[in-house]
Amino acid sequence: MSLAFYNTLTRRKEPFVPLDPKCVGMYVCGPTVYDSAHIGNARPIIVFDVLYRLLKRLYPAVTYVRNITDVDDKINARAKENKEPISALTARTTEAFHADIDALNALRPDVEPRATAHIAQMIAMIGKLLERGHAYEADGHVLFSVPSMPDYGSLSRRSQDEMIAGARVEVAPYKRNAADFVLWKPSSDDLPGWDSPWGRGRPGWHIECSAMSREYLGVTFDIHGGGQDLVFPHHENEIAQSVCAHGQPFARYWLHNGYLMVEGEKMSKSLGNFFTVRDLLDQAPGEAIRLAMLAAHYHQPFDWTAEGLKQARTGMDRLYLALRTVADIPAEGRDRVPFEVMAALEDDLNTPLAIAHLHDLATQLNKAVTTDEKAKCKGALLAAGDVLGVLQQDVEAWFRWVPQAGSALSDDAVDDLINRRIEARKAKNFAEADRIRKELADQGVLLEDGAGGTTWRRA
RNA sequence: GGCCGGGUGGCAGAGUGGCUAUGCAGAGGACUGCAAAUCCUUGUACGUCGGUUCGAUUCCGGCCUCGGCCUCCA
């Protein structure tokens with residue numbers, strides 16, 4: 001089986017051949033740190049985390065770069081609104097972002113560059129664009145000249161005429177062409193700014209990704225990922241900047257995750273269907289959120305629903321339940337991801353199919369008779385979970401998870417009631433035993449009487 | 001208007017030119033003091049109209065329909 005991705009650049013699924021098979025480079029657009037991450041932000045985080053985990057299994061080394069945008073007009077506006085220093089806002093938001101993605105089992109990238117730490121590289125790159133005639137100064141700004149690049153628009157497949165026709169925003173008067181975009185803009189004294197050959201100012205939105213990917217991955221690199229909404233203009237402009245500055249190809253494979261909707265509608269604050277990752281982590285364990293997200297192919301539009309999250313949690317329960325039966329048997333071969341799971345993921349990250357195989361593995365485990373069989377099945381299931389980033393926690397911890405807000409019965413109280421029920425059952429007092437079962441059930445605790453005694457879990 | 005992506009069984013969601021995933025929910029059975037879990041069995045799915053084909057849900061075309069993007073939202 002070989003690795004293949006749907007490449008937005010060619011609109012086709014293509015075999016993946018890295019530039020350097022010893023080390024694969026991937027860049028994913030990260031968050032602008034002015035607010036809590038919402039579930040729309042979580043999708044690319046989770047999707048590209050699976051890609052990262054997969055690549056790490058297939059190649060000796062992977063360099064995963066995901067930026068932090070910490071200079072942006074939205075940040076400036078929010079800081080002003082909050083009456084807090086920009087640095088405090090970005091530091092706080094970055095920290096919250098890290099906490100959220102850790103809870104979703106997303107591995108940290110190898111490099112997480114901050115835009116403000118790479119202003120010099122951006123200035124150098126803008127200088128190069130000016131030198132090569134792909135940019136011009138106007139009214140304190142430096143703008144990228146779109147007509148200077150004949151094949152501008154190749155990623156999003158739109159012609160320059162179309163863009164001008166479609167422009168629905170008033171065009172700034174200093175632009176030579178309506179499609180031109182800002183590389184550098186002047187900052188007033190109350191705004192963050194850096195000295196540059198064009199005066200004190202700050203970078204435009206797109207230049208940071210061009211500069212930072214160059215810094216850590218080189219001029220040409222393997223994979224660039226992000227949400228579909230970034231295809232135009234962000235990624236298109238990244239390509240323009242990088243290709244024109246270096247005269248060489250930029251990212252070779254472009255992967256974009258589909259849009260995320262909520263209960264069939266576009267997520268927006270005004271519709272009241274806006275959820276942060278934090279909100280969801282209070283409602284369900286991170287792995288359930290993760291499984292819910294991976295239940296659809298990354299390229300498809302995804303409809304986030306409460307029902308879907310519930311189903312994902314039930315699905316995780318099933319997998320952990322299978323593992324619970326073999327808690328005392330050591331896993332065998334955890335380092336070997338089952339072939340079918342790898343094949344599914346290598347085929348353009350088919351996570352729904354991979355999850356189906358996860359369930360097959362759980363069924364096999366449930367049906368396994370000998371200890372040897374069980375050990376192997378357990379290893380296979382855990383290994384499969386490792387590439388998908390699920391089944392990463394202790395089985396009992398999974399079943400003891402309680403929502404943030406809930407005033408759940410303590411674990412000790414549950415154990416106490418279970419012991420009383422065991423006494424009642426010994427005395428054949430089934431009425432009392434059933435009463436206790438009911439009492440616990442009302443508190444969301446399910447009891448399961450098995451050969452090895454009574455176990456419990458929260459539902 | 002331009003461009004893009006969808007429409008699969010009760011629900012979610014893969015996939016395939018003929019052998020019809022997977023999970024949840026439903027039905028029946030085994031097991032169980034009860035229950036849960038588990039295992040077994042089970043269900044005339046592929047928007048619509050044409051075309052290509054021995055055969056299409058899968059390929060091609062029209063139509064209907066949903067969603068998105070078109071300058072700073074992942």
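Protein chains get the first letters and strands the later ones, always in sequence-line order, with residue 1 at the start of each. Nothing here was measured: the structure is a model prediction, and the numbers come from that model.
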> So, is A:Asn366 close to the B:A37 phosphate, meaning a side-chain N or O under 4.0 Å from OP1 or OP2?
Replying inline: no

At 4.0 Å (heavy atoms only), tell me whether [X] reaches a base, stays on the sugar-phosphate, or touches nothing.
| X | value |
| --- | --- |
| A:Leu447 | base |
| A:Leu260 | base |
| A:Arg43 | nothing |
| A:Arg313 | nothing |

> If you measure from the Lys or Arg side-chain nitrogens to the Asp or Glu carboxylate oxygens, is any gap between A:Arg458 and A:Asp411 under 4.0 Å?
Replying inline: yes

Quick one: which of [options] gets closest to the side chain of [X]?
| X | options | answer |
| --- | --- | --- |
| A:Asp434 | B:G6, B:A74, B:C34 | B:C34 |
| A:Lys367 | B:C39, B:U71, B:C72 | B:C39 |
| A:Phe181 | B:C72, B:U71, B:C73 | B:U71 |
| A:Leu353 | B:A21, B:A37, B:G5 | B:A21 |
| A:Ala296 | B:A14, B:A74, B:C34 | B:A14 |
| A:Met261 | B:G67, B:A36, B:C72 | B:G67 |
| A:Phe232 | B:A74, B:C70, B:A37 | B:C70 |
| A:Lys175 | B:A74, B:U71, B:C4 | B:U71 |
| A:Lys74 | B:C73, B:G5, B:A37 | B:C73 |

> Stem ranges for RNA chain B, with three or more consecutive Watson-Crick or G-U pairs under 3.5 Å?
Replying inline: B:1-7 with B:64-70, B:10-12 with B:22-24, B:26-30 with B:38-42, B:47-51 with B:59-63

>> Between B:C72 and A:Asp72, counting only base atoms on the nucleotide and side-chain atoms on the residue, is there a donor-acceptor pair under 3.5 Å?
In response: no

>> Using a distance-only criterion (donor-acceptor N/O pair, under 3.5 Å, no hydrogens), is the base of B:C34 paired with the side chain of A:Arg437?
In response: yes

Please measure how far the [atom1] atom in [N] lies from the corresponding atom in [M], and state the result in whole Å.
| N | M | atom1 | value |
| --- | --- | --- | --- |
| B:C31 | B:C49 | P | 49 Å |
| B:A21 | B:G13 | C1' | 10 Å |
| B:U22 | B:G9 | C1' | 13 Å |
| B:G51 | B:U57 | P | 14 Å |
| B:C73 | B:U65 | C1' | 26 Å |
| B:A14 | B:G28 | P | 31 Å |
| B:U16 | B:C59 | C1' | 12 Å |
| B:A45 | B:U20 | P | 12 Å |

> With nearest nucleotides of RNA chain B determined for A:Arg425 and A:Asn257 from heavy-atom distances, which residue corresponds to the more 5′ nucleotide?
Replying inline: A:Arg425

>> Pick the closest RNA chain B nucleotide for A:Thr305 and for A:Asp73 by heavy atoms, then say which residue is nearer the 5' end.
In response: A:Thr305

Separation of atom [atom1] in [X] from atom [atom2] in [N], rounded to whole Å:
| X | N | atom1 | atom2 | result |
| --- | --- | --- | --- | --- |
| A:Glu236 | B:C3 | CD | C1' | 12 Å |
| A:Lys438 | B:A36 | NZ | C1' | 16 Å |
| A:His235 | B:C4 | NE2 | C1' | 16 Å |
| A:Leu230 | B:C72 | CG | P | 12 Å |
| A:Tyr298 | B:G5 | OH | P | 13 Å |
| A:Tyr34 | B:C72 | OH | P | 12 Å |
| A:Lys185 | B:U71 | NZ | P | 16 Å |
| A:Phe302 | B:G68 | CZ | P | 17 Å |

Going by the angle between their ring planes, with limits at 30° and 60°, are [X] and [Y] parallel, tilted or perpendicular?
| X | Y | value |
| --- | --- | --- |
| A:His297 | A:His299 | perpendicular |
| A:His224 | A:His235 | perpendicular |
| A:Phe181 | A:Phe144 | parallel |

> Taking the six-membered ring for Trp, are A:His118 and A:Tyr216 ring centroids under 6.0 Å apart?
Replying inline: yes

> Residues two or more places apart in sequence or in another chain: which of them pass salt bridge (charged side-chain N to carboxylate O under 4.0 Å, His left out) with A:Asp348?
Replying inline: none

> Sequence neighbours excluded, which residues qualify as salt bridge (charged side-chain N to carboxylate O under 4.0 Å, His left out) partners of A:Lys310?
Replying inline: none

All side-chain hydrogen bond (donor to acceptor under 3.5 Å, both in side chains) counterparts of [X], not counting sequence neighbours:
| X | result |
| --- | --- |
| A:Ser36 | none |
| A:Arg278 | none |
| A:His234 | A:His206, A:Glu238 |

Can you sort out the partners of [X] under side chain to side chain contact (heavy atoms under 4.5 Å, CB included), two or more places apart, ordered by chain and number?
| X | answer |
| --- | --- |
| A:Ala331 | A:Lys378, A:Leu382 |
| A:Arg43 | A:Val47, A:Asn257, A:Leu260, A:Met293, A:Phe302 |
| A:Phe97 | A:Pro31, A:Ala37, A:Ile45, A:Arg66, A:Ile68, A:Ile101, A:Glu112 |

>> I'd like to check A:Asp102 versus A:Arg108 (side-chain heavy atoms, cut-off strictly below 4.5 Å). Are they in contact?
In response: yes

> How does each nucleotide of nucleotides 22-31 of chain B score, in 5' to 3' order, for protein heavy atoms under 4.0 Å: base (B), sugar-phosphate only (S), or none (-)?
Replying inline: SBB-------

>> With the threshold set at under 4.0 Å for non-hydrogen atoms, list the residues of residues 95-114 of chain A touching RNA chain B in residue-number order.
In response: none

> Can you pull the side chain to side chain donor-acceptor pair (under 3.5 Å) pairs that have at least one residue in residues 319-328 of chain A, sequence neighbours excluded?
Replying inline: A:Glu287-A:Tyr320, A:Arg324-A:Glu396

